[in-house]
Protein chains: 2
Amino acid sequence: MSWSKDSGRPGHGPRGYHHGNLKEALLRAALELIAKKGPAGFTFAEAARWAGVSPAAPYRHFRDRDELLSNIALRGFQQFEIILAKAWDDGRPDPMTALDRLGKAYLAFARTEPAYYSAMFEAGIPLDTNLELREAGDRAFAVLRTAAERVAVTLPVSSRPPSLMMALHIWATAHGIASLFGRGDAGRRTLPMTPEELLEAAVLVYLRGLGLPDGPPPPKP
Amino acid sequence: MSWSKDSGRPGHGPRGYHHGNLKEALLRAALELIAKKGPAGFTFAEAARWAGVSPAAPYRHFRDRDELLSNIALRGFQQFEIILAKAWDDGRPDPMTALDRLGKAYLAFARTEPAYYSAMFEAGIPLDTNLELREAGDRAFAVLRTAAERVAVTLPVSSRPPSLMMALHIWATAHGIASLFGRGDAGRRTLPMTPEELLEAAVLVYLRGLGLPDGPPPPKP
DNA sequence: GGGCTCATGTAAAGACTATTCACATGAGCT
DNA sequence: AGCTCATGTGAATAGTCTTTACATGAGCCC
């Protein structure tokens, strides 16, 4: 018998006794399942089935179901940091424009990667038992923190709050909007406006409260 | 044999063949289990065991596990409405003071009733298949909406936004703070301040952004 | 090439949960 | 007293989680 592993490119399907890339396959399977049925409606066995292996195989790569979830959350935070940093783009062309982009990127991530987002924030993974995860989360938050600092220096000293607090306020608002209204399909509530508009308005009002000279950079038509 | 149901007051434990109040007992059991292990770590069978009945008994009262969760979320929204309305107290003695109380009540509910809160917002119950649940949620939100309206009329007309938007902003911020930092024990992130302080500061800055004449009612020392 | 070793996968088994169905019980009404 | 029906039981099916002993073959060393 000689169907060792050369039966065409193993583009997607498993081949032979050894899968070759089971860990990745399981993570991808879990992502699809979570996106479809929420973090609770994903089973270890189903991921194994999807990858074409026995129900026991995943235990060679993850101690248990929770460790797989942690892995997903970890990757989620890493990707989150990347897309947030890209959106912030070091504050170009100006901090306000970049901050607006940042907020939109936040909501876009929650919408287009609901599986990552819920693993990161709604799966109830204990942060204190997983240093790596906490650090990845902190790095993602650091992007927001940096943005807040850069925006803060454009504000009048008199009413300027600690930038950490600004960052927390913006984070909480973005997260609140994302989790209450962010994911279109499911049984979520509907709004008289898009989540993006809601967040942008909130941030503008908030910054005005901190003394931001009125009006966003005039829209170029 | 004659231990029908008279063995003392059935204060807490089940008695005889018929439990007498199984539905309530199951709901209470579920609340404790959810509070302890999150909405996912609650099983129908364990609730039945806690109530001292067979695993099949709960099906006489709830179609399935999800219907029990929906029931909990429904009661959660009802209690939520009550405590929010009580905190708002029709805007006495003045809307700003009452709004501050409202925010604190919001966070207090999330902290002291984590089981209700997570059933309401994190259990992924589809709102569109459960009209009663949606309406209960809407009624709770209506308290916030009313508060926003009352605060809005104290603001200068020029910068006054739709009160619905104000209510949504405040709701999102409160929810964001509650779900990111609100539940003390577990593996949540820690803060350089209390969630209450964080929310109060956010709302004050936000309202100043809407033209609120500076300074909260002077603190009486 | 031949053979060894170890990571990776399988099969089978025990324990638990969800859910259903036929049957038992007894509370409340007549 | 006798009926009836809501409420609870037991047993059975199906699916999941997890462990354990065993199988396979990829990579390496000679």
Side-chain angles (χ1 to χ4, degrees), chain A residues 1-7 9-10 13-30 32-34 36-72 123-125, chain B residues 1-7 9-10 13-30 32-34 36-72 123-125:
Chain A
M1 321 185 183
S2 63
W3 37 271
S4 50
K5 83 165 186 181
D6 51 325
S7 52
R9 262 203 316 125
R15 297 290 179 274
Y17 191 97
H18 286 86
H19 182 288
N21 204 11
L22 184 53
K23 188 166 183 174
E24 288 304 319
L26 288 172
L27 288 168
R28 261 176 298 153
E32 297 199 11
L33 292 172
I34 293 174
K36 197 177 307 178
K37 304 184 296 183
F42 132 78
T43 84
F44 226 38
E46 197 168 357
R49 208 178 304 134
W50 188 93
V53 297
S54 78
Y59 290 86
R60 295 294 178 192
H61 300 276
F62 304 99
R63 193 175 344 89
D64 56 20
R65 197 177 162 287
D66 280 353
E67 191 178 284
L68 199 164
L69 262 187
S70 289
N71 254 266
I72 290 189
I125 302 170
Chain B
M1 320 169 187
S2 64
W3 37 273
S4 50
K5 83 163 186 182
D6 50 322
S7 49
R9 264 202 315 127
R15 299 290 179 276
Y17 191 98
H18 287 85
H19 183 288
N21 205 10
L22 185 53
K23 188 166 184 175
E24 289 303 318
L26 289 171
L27 288 168
R28 260 177 299 155
E32 297 198 10
L33 292 172
I34 293 174
K36 196 176 308 178
K37 302 185 295 182
F42 132 77
T43 83
F44 225 41
E46 197 169 354
R49 208 177 305 135
W50 189 91
V53 297
S54 78
Y59 290 87
R60 296 294 178 193
H61 300 277
F62 304 98
R63 193 176 343 88
D64 56 20
R65 195 178 163 288
D66 281 352
E67 192 178 284
L68 197 163
L69 262 187
S70 291
N71 254 267
I72 291 189
I125 303 169

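Residue numbers start from 1 in every chain, and the chains themselves are labelled A, B, ... in the order their sequence lines are given, proteins ahead of strands.
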Discussion item. Both Y59(A) and S54(B) contact DNA chain D. Taking the nearest nucleotide for each, which residue is further toward the 5' end?
Written reply: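 The residue mapped nearer the 5' terminus is S54(B).
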Using whole Å, report how far [atom1] of [X] lies from [atom2] of [N].
X: R65(B); N: dT20(C); atom1: CZ; atom2: P; value: 15 Å
X: E46(A); N: dT16(D); atom1: CD; atom2: P; value: 7 Å
X: F62(B); N: dT17(C); atom1: CZ; atom2: P; value: 18 Å
X: L22(A); N: dT24(D); atom1: CG; atom2: C1'; value: 15 Å
X: L26(B); N: dT7(D); atom1: CG; atom2: C1'; value: 12 Å
X: D66(B); N: dT19(C); atom1: CG; atom2: P; value: 8 Å
X: N21(B); N: dT7(D); atom1: CG; atom2: C1'; value: 13 Å
X: K23(B); N: dG8(D); atom1: NZ; atom2: C1'; value: 16 Å

Worksheet item: Looking only at heavy atoms, which two atoms of A57(A) and L22(A) are closest? And how far apart?
Response: CB-CD2, 3.8 Å
Practice prompt. Please report the shortest heavy-atom distance between F62(A) and K23(A), naming the atom on each side.
Written response: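 Residues F62(A) and K23(A), closest heavy atoms: CZ-CG, 3.7 Å.
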Discussion item. Let me confirm one number: the CG-CD distance from L27(B) to E24(B), rounded to the nearest 0.5 Å.
Written reply: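 One finds 5.5 Å between CG of L27(B) and CD of E24(B).
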What's the closest nucleotide to the [X] side chain, out of [options]?
X: D64(A); options: dT9(D), dT18(D), dT16(D); value: dT18(D)
X: A45(A); options: dT16(D), dT19(C), dA11(C); value: dT16(D)
X: V53(A); options: dT16(D), dT10(C), dA11(D); value: dT10(C)

Worksheet item: With no hydrogens and no angle check, is any side-chain donor or acceptor of R65(A) less than 3.5 Å from a backbone partner on F42(A)?
Response: yes
OP1, OP2 of [N] versus side-chain N and O of [X]: anything below 4.0 Å?
X: R49(B); N: dT17(C); value: yes
X: R60(B); N: dG8(D); value: no
X: H61(B); N: dA6(D); value: no

Worksheet item: With a 4.0 Å cut-off, would you call E46(A) and K36(A) a salt bridge?
Response: no
